[in-house]
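Here is the structure we will look at, set down as structure tokens.
Note that the structure is a prediction, hence the values are computed from the model and not measured.
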Amino acid sequence: MNFRSQNDFTKVSYKRRGKAKKQPLAIVKDCSVFNVDSNIRRINEAKTELQSTDFFQSVSALLKEGLQQLNDPEIRKIICFGLGRISELMVPRYQLALLLCLKALFNVEVLVTDPMFNNNDLSLLKHFEIGWLERNIEGKFKVDTLETYLFYLPHCPKQLMNNLLWCNWGLRLSKCIIIGNSINKVVEDNSKRVLKKSAKYINNISPNVLELGIVNSFTYFDVFNDTSIHCFPIDKLNLLTNEFWDDCEEPEYSDSDMEIIRNSLNKLEF
């Protein structure tokens, strides 16, 4: 595999390379009575299917490339936001399958959080030995400066990534790898007004992120479309001024702009 140099921060092109096999998600929701064994079987089947794809091989290779760019040989922990109703919906089930593949790849602890989880979802997470945060932290997770964390935000609202960036604003970002909606595409697709209001930190860091675009060759195109791997090499961050980093007020969002669930609405019981 040819690795990019640390100073090669080219903008990712979002034209689809090749033609992914677009198959419709014919069964979007499983409306039958919840059966834990049946759901476990479906998730394991999705994991097995995903592991054998070129898509997952691409994700694995790009993550290794990202770690090399960070001069770090390993991931210490995986944090996932916004996985969704894995006990009911097909898309979250495949997104969980990718999370399980990453868990096996790095053999590390995995923590998830989503205020939409119900008891059925939590029973599945427990089976797969995935921990969860009962409090809705709205993406505000601060990393340990001695460890590299992998954050997985499958099709999450931009405010979640914006909050995550704010919480680690500064050189801590060099300890973050983020799999989620393309940062460059968020900047390209939104007006300056929207970016200033709801994605300030995404916009500010975008010129300094190393974005590794994933070629979406997965059978169900919508599950992982517009997904990229984002890294923040320390050499790049060290070039930024104190003035740049000091502009770091906690994000605030208006009710009309709110795409995430506030922590006051989070009532998990298990």
Side-chain touch [X]/[Y], heavy atoms, less than 4.5 angstrom:
X    : Y    : result
C156 : N181 : no
I40  : H127 : yes
E65  : L212 : yes
V59  : L63  : yes
I229 : I177 : yes
L210 : F232 : no
C80  : P154 : yes
F151 : F141 : yes

What's the spacing between [X] [atom1] and [Y] [atom2] if we round to 0.5 Å?
X    : Y    : atom1 : atom2 : result
L153 : T227 : CG    : OG1   : 10.5 Å
M161 : S182 : CE    : OG    : 8.5 Å
E129 : K103 : CD    : NZ    : 5.5 Å
I214 : I179 : CD1   : CD1   : 6.0 Å
F56  : L50  : CZ    : CG    : 7.0 Å
L165 : H230 : CG    : NE2   : 9.0 Å

[X] and [Y]: which non-hydrogen atoms are nearest, and at how many Å?
X    : Y    : answer
S60  : L105 : OG-CD2, 3.9 Å
L171 : S174 : O-OG, 2.7 Å
K200 : N162 : N-OD1, 3.3 Å
I86  : D121 : N-OD1, 3.2 Å
K175 : V143 : CB-CG2, 4.0 Å
L70  : C176 : CD1-O, 4.4 Å

Distance alone, cut at 3.5 Å: any donor-acceptor contact between the side chains of [X] and [Y]?
X    : Y    : result
D144 : Y149 : no
S217 : D54  : no
Q95  : Y152 : no
H155 : D226 : no
E211 : S228 : yes

* Stepwise side chain to side chain contact (heavy atoms under 4.5 Å, CB included) test for L100 and I43 -> CA-CA 9 Å; L100 293 173; I43 292 168; 3.6 Å; yes
* Is the centre of the Y201 ring less than 6.0 Å from the centre of the W169 ring? ->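 Ring centres of W169 and Y201 closer than 6.0 Å.
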Quick one: does any side-chain atom of [X] pair with a main-chain N or O of [Y] as donor and acceptor, under 3.5 Å?
X    : Y    : value
E109 : I78  : no
N190 : L195 : no
N163 : G139 : no
N136 : P115 : no

* Audit row: F224, Y94, ring-ring contact (aromatic ring centres under 6.0 Å, His included) steps and yes/no -> CA-CA 9 Å; F224 301 112; Y94 275 103; 7.7 Å; no
* Asked: Which is it for L237 and L173 under the side chain to side chain contact (heavy atoms under 4.5 Å, CB included) test, yes or no, and what are the steps along the way?
  -> CA-CA 8 Å; L237 301 184; L173 287 176; 4.0 Å; yes
* With a cut-off of 6.0 Å (strictly less than), are more than 12 heavy atoms of other residues, nucleotides or ligands near CG of N107? ->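 No.
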* **Verdict with supporting geometry, K64 and L67, side chain to side chain contact (heavy atoms under 4.5 Å, CB included)** => CA-CA 5 Å; K64 291 177 182 177; L67 287 169; 5.6 Å; no
* **Under-4.0 Å salt bridge between E250 and K140** =>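 So E250 pairs with K140 through a salt bridge.
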* Hey, mind stepping through E74 and R76 against side chain to side chain contact (heavy atoms under 4.5 Å, CB included) and telling me if it holds? -> CA-CA 6 Å; E74 60 182 320; R76 272 70 168 198; 3.8 Å; yes
